There are 2 protein chains.
Amino acid sequence: MNYHEAKDKFIQTWGTLGSSWGISRTMAQVHALLLISPDALSTEDVMEQLKISRGNANMNLRDLLDWGLAYKELKSGDRKDFFIAEKDIWKVAKQIIKERRKREIEPVLNALEELKAVKGDKNDKKHKAFVEAVTNIERVVEKADFAFDKAIKLDENAIVSALFKLFK
Amino acid sequence: MNYHEAKDKFIQTWGTLGSSWGISRTMAQVHALLLISPDALSTEDVMEQLKISRGNANMNLRDLLDWGLAYKELKSGDRKDFFIAEKDIWKVAKQIIKERRKREIEPVLNALEELKAVKGDKNDKKHKAFVEAVTNIERVVEKADFAFDKAIKLDENAIVSALFKLFK
DNA sequence: TCGAACTTTCAATATTTATTGAAAGTTTTA
DNA sequence: TAAAACTTTCAATAAATATTGAAAGTTCGA
């Protein structure tokens with residue numbers, strides 16, 4: 001496999017992985033392209049290399065900045081914005097968890113809390129099953145939330161070794 | 001909020017959470033419905049309560065069985081299949097991680113391994129940046145894979161307390 | 001073995017989500 | 001401050017994904 005085949009396959013693979021873990025396919029592809037580029041790329045470079053439109057490139061680059069997965073780099077003597085990827089993959093993973101925790105877990109916890117207050121006959125079978133299900137789910141979601149919160153504050157080795165110790 | 005409002009909101013919330021964590025919206029909604037039902041439900045019950053077609057109900061129930069998130073229950077004197085949800089949410093979370101690890105992480109690791117073997121000039125800036133990026137990513141993906149593998153073998157409290165100890 | 005009861009499939013269709021590209025907006029420098 | 005260089009927006013459109021429902025398939029009891 002030569003460089004260009006490998007590059008395309010990498011962009012494709014990273015895009016697929018990204019889209020299954022909650023970041024859009026194109027955003028992950030742009031990130032992949034930036035990751036393997038030794039130098040910062042402009043919007044036009046991204047458009048050209050991924051064969052996507054200006055609007056699309058711009059939108060996905062901006063989303064990458066929002067998620068903290070890429071940075072702007074200004075080159076002196078040039079008015080264009082250039083972009084580089086966050087290349088510390090552990091940091092990338094932590095950023096994604098952090099964003100998704102904020103965007104997804106928090107609203108769910110709020111909704112669950114509200115649902116426990118359902119009015120009705122406390123002896124009704126359905127009512128009991130409902131409150132029980134919601135309470136159990138809330139407990140697990142809270143623990144997952146806690147685990148993710150800790151995970152983003154630790155480095156990659158600490159987590160792995162903590163888990164490993166449980167098995168020694 | 002009365003029982004019916006709460007039930008609808010719960011199904012909606014669980015569907016949204018599910019779809020953002022890799023299981024389809026309707027599959028998560030069917031699971032939600034089963035979770036809060038004190039008794040096993042038939043395909044027709046699911047169709048009626050979620051207002052979805054027979055084909056859709058059937059497909060999603062079968063997917064839930066595939067993922068290990070629901071079970072068939074046969075009632076004597078009735079030829080219909082009835083379904084109950086896996087109600088241990090920690091087990092649900094573990095099943096989802098297990099399935100996704102198999103379906104998503106493993107193929108990515110294989111692809112990455114292949115990509116490291118890219119042919120080309122080892123002193124070229126692009127080539128070096130490429131191999132470095134792929135190697136770094138592989139290292140983190142392997143660790144995540146390891147962490148998930150351990151997570152599905154432990155119970156919920158063990159993981160939380162292991163993480164907690166790191167902060168005491 | 002037949003036919004009733006139930007389950008599964010799949011091509012057509014609907015819904016959702018992503019992409020385009022031209023127009024509007026912004027910044028820079030001469 | 002004018003206009004060139006660049007960025008952003010957004011309505012139209014395309015692509016991907018999910019859903020329907022009728023038809024085909026299966027199972028079971030008589």
Side-chain angles (χ1 to χ4, degrees), chain A residues 11-12 14-34 40-67 69-84 100 103-104, chain B residues 11-12 14-34 40-67 69-84 100 103-104:
Chain A
I11 290 171
Q12 174 59 38
W14 200 235
T16 305
L17 184 65
S19 74
S20 65
W21 291 88
I23 68 178
S24 90
R25 198 177 109 267
T26 306
M27 180 168 149
Q29 288 179 340
V30 174
H31 186 243
L33 178 63
L34 295 178
L41 300 181
S42 69
T43 303
E44 304 230 324
D45 293 332
V46 171
M47 286 168 64
E48 198 177 303
Q49 295 206 43
L50 296 181
K51 296 184 176 53
I52 60 175
S53 71
R54 181 170 299 284
N56 200 10
N58 177 269
M59 206 186 95
N60 281 292
L61 283 166
R62 198 150 54 78
D63 285 349
L64 283 171
L65 298 178
D66 283 352
W67 282 68
L69 304 179
Y71 311 105
K72 268 191 188 175
E73 197 172 74
L74 298 173
K75 287 191 180 176
S76 52
D78 201 324
R79 245 154 83 186
K80 272 187 216 150
D81 285 347
F82 288 81
F83 301 88
I84 51 168
R100 297 194 61 191
R103 293 170 196 221
E104 294 160 15
Chain B
I11 290 171
Q12 175 59 37
W14 200 235
T16 304
L17 184 67
S19 74
S20 64
W21 291 88
I23 67 178
S24 90
R25 200 177 108 265
T26 306
M27 181 168 146
Q29 288 179 339
V30 174
H31 186 243
L33 178 62
L34 295 178
L41 300 181
S42 69
T43 303
E44 303 231 324
D45 293 333
V46 171
M47 286 168 63
E48 197 178 304
Q49 295 206 43
L50 296 181
K51 296 184 176 51
I52 60 176
S53 71
R54 181 171 299 285
N56 201 9
N58 177 270
M59 206 186 94
N60 282 293
L61 283 166
R62 196 151 55 78
D63 285 349
L64 283 172
L65 297 179
D66 282 352
W67 282 68
L69 303 179
Y71 310 106
K72 268 190 189 177
E73 197 172 72
L74 298 174
K75 287 193 181 175
S76 53
D78 201 325
R79 243 155 85 187
K80 272 188 218 152
D81 285 347
F82 287 82
F83 300 89
I84 52 169
R100 297 195 61 190
R103 293 170 197 222
E104 293 159 16

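Not measured: the values here are computed from a predicted model. Sequence lines set the chain letters: A, B, ... in the order given, protein chains first and strands last, and positions in each chain run from 1.
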* Rounded distance (Å) that lies between atom P of D/dA18 and atom CG of B/Leu50 -> 16 Å
* Distance, rounded to the nearest Å, where B/Ile52 contributes CD1 and D/dT19 contributes C1' -> 9 Å
* To do: Figure out the CE/C1' separation between B/Met27 and D/dT17, and round it to whole Å.
  => 15 Å
What N/O pairs connect the protein and nucleotides 21-23 of chain D at under 3.5 Å? Give each pair on its own line.
none

* **Side chain of A/Thr26 (C-beta onward), nearest among C/dT19, D/dA18, D/dT7** => C/dT19
* To do: Go through B/Leu65 and B/Lys72 one step at a time and tell me if the side-chain contact (heavy atoms from CB on, under 4.5 Å) criterion holds.
  => CA-CA 8 Å; B/Leu65 297 179; B/Lys72 268 190 189 177; 4.0 Å; yes
* Find the distance A/Asn60:CG to C/dT17:P and express it as a whole number of Å. => 16 Å
* Structure fact -> note: A/Leu74, atom CG; D/dA5, atom P; distance rounded to Å ~ 19 Å
* Asked: If you take all heavy atoms of A/Lys75 and A/Ala40, which pair is closest and at what distance?
  -> NZ-O, 4.2 Å
* Structure fact -> A/Leu61 atom CG is separated from D/dT9 atom P, nearest whole Å, by 13 Å
* **Rounded interatomic separation in angstrom, taking CZ from B/Arg62 and C1' from C/dT9** => 9 Å
* Residue-phosphate contact under 4.0 Å: A/Asn58 side-chain N/O, D/dT8 OP1/OP2 -> yes
* To do: Please tell me if the side chains of B/Trp14 and B/His31 come closer than 4.5 Å, counting only heavy atoms from C-beta onward.
  => yes
* For A/Glu44 and for A/Arg25, locate the closest nucleotide of DNA chain D by heavy-atom distance; then report the residue assigned to the nucleotide nearer the 5' terminus. => A/Glu44
* To do: For A/Ile84 and A/Glu73, work out which heavy atoms get closest and say how close.
  => CD1-OE2, 3.7 Å
* Structure fact -> Closest non-hydrogen contact found for B/Ser20 with A/Glu104 is OG-OE1, 3.5 Å
* Asked: Between A/Met59 (CE) and C/dT17 (C1'), how many Å, whole number?
  -> 10 Å
* To do: Have a look at B/Met27 and tell me which of B/Asp66, B/Leu61, B/Asp63, B/Asn56 forms a side chain to side chain contact (heavy atoms under 4.5 Å, CB included) with it.
  => B/Asp63
* Closest-nucleotide ordering on DNA chain D, the 5'-leading residue of B/Ser24 and A/Lys80 -> A/Lys80
* Regarding B/Ser42 and B/Asp45, is there a side-chain donor-to-acceptor distance under 3.5 Å anywhere? -> yes
